[in-house]
Amino acid sequence: MNTNRRKRLSARIDPSLLAHIPPFSKLSTEQIGEILDHAVSRRYEPGVTIFEEGEYADRFYMLLDGYIRVVRISPQGERVIALHIPSGQLFGIAEAFGRDTYPAAAVTATEAVALSWATEFWSEFVVKYDGFATETYKVVGHRLEEMGTRVLELATQQVEQRVASALSRLINQVGHKVDRGIEINFPITRQDLSEITGTTSHTVSRMLSAWEKQGIIASKRKQITVLDSAQLTLLCEAN
DNA sequence: ACATTAATTATGT
DNA sequence: ACATAATTAATGT
């Protein structure tokens, strides 16, 4: 398999790449330079596990390109996709939760490029760089909030509403506009959707087929386009 | 209202 | 040609 083509290339990363993303946006060019000096850049193939749940959290990451999934394994051994993370966000930040192990696995949904730092630098970053802490905890807050509402959905709503909600979130967070509608930016299978919503791929398949006939979505293999987002939002609240 | 099973077909390398 | 993804129907809880 494709093994460690790890590169150290702090010098090759353009500081302006980080300058506009929230945790670093308030920092000077020199400060960003310092940060990059300690960073390791790495490219990942799609479907690769960056770190496992429960693993000792020796590094934290900033996703520069691509998408990653945050995946947990239930006690029954079932995969649950908790979250999708787009580029420009930190992940694997166990330190922010006061943990020393990762609470979930990170798997690439696409090809991806990420910077990473040894966790020793976390506390240093927090005290040394103004705005780093506040901005990252803002992101952490949003994620916790989202996972909270998802847990609520799982408990209360029916399957159709859950996959409709999941689709809505996906096109909002990781969707991109095309001529016919909005499509999800990375390959996604019915199996993936079922792991987001806690169903089976068959049930998802039947629903997507039905929605496709109604003209709400269009789909190919590993690819979904939402044509009528208004109708989709209606499905989220259907009784 | 949904999962499970199984059989069948479609699609990408 | 092969593996993986998607569909569909039938049956079960």
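Lettering of chains follows the sequences in order, A, B, ..., and the numbering in each one begins at 1. Basis for what follows: all heavy atoms, side chains included, without hydrogens, waters or symmetry-related copies.
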For a quick test of your reading: what N or O donor-acceptor pairs under 3.5 Å do the side chains of residues 209-216 of chain A make, sequence neighbours left out?
from    : atom 1 : to      : atom 2 : distance (Å)
S209(A) : OG     : S205(A) : O      : 2.9
E212(A) : OE1    : S219(A) : OG     : 3.1
E212(A) : OE2    : S219(A) : N      : 3.1

What pairs with Q31(A) under side chain to side chain contact (heavy atoms under 4.5 Å, CB included), at least two apart in sequence or on another chain?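 Expected list: L27(A), S28(A), Y129(A).
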Return the set of residues passing side chain to side chain contact (heavy atoms under 4.5 Å, CB included) with S201(A) (not counting sequence neighbours), or none when no residue passes.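 So S201(A) forms a side chain to side chain contact (heavy atoms under 4.5 Å, CB included) with R190(A), Q191(A), S194(A).
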Please list every donor-acceptor pair under 3.5 Å in which a side-chain atom of residues 89-100 of chain A meets a protein atom from a residue at least two apart or in another chain.
from   : atom 1 : to      : atom 2 : distance (Å)
R99(A) : NE     : T101(A) : O      : 3.1
R99(A) : NH2    : T101(A) : OG1    : 3.0

Could you tell me the separation between the CG atom of L154(A) and the C1' atom of dC2(B), rounded to a whole number of Å?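 Going from CG in L154(A) over to C1' in dC2(B) covers 14 Å.
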Quick one: which protein N/O atoms are closer than 3.5 Å to N/O atoms of nucleotides 4-11 of chain C? Pair and distance per line, please.
from   : atom 1 : to      : atom 2 : distance (Å)
dT4(C) : O2     : R221(A) : NH2    : 2.7
dA5(C) : O4'    : R221(A) : NH2    : 2.7
dA6(C) : OP1    : K222(A) : N      : 3.0
dA6(C) : OP2    : R190(A) : N      : 3.1
dT7(C) : OP1    : R190(A) : NH1    : 3.3
dT7(C) : OP2    : R190(A) : NH1    : 2.6
dT7(C) : OP2    : S205(A) : OG     : 2.6
dT7(C) : O5'    : S205(A) : OG     : 3.4

Determine which pairs satisfy ring-ring contact (aromatic ring centres under 6.0 Å, His included) with at least one residue from residues 166-198 of chain A, sequence neighbours left out, and list them in order.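 The answer is Y67(A)-F186(A), H84(A)-F186(A).
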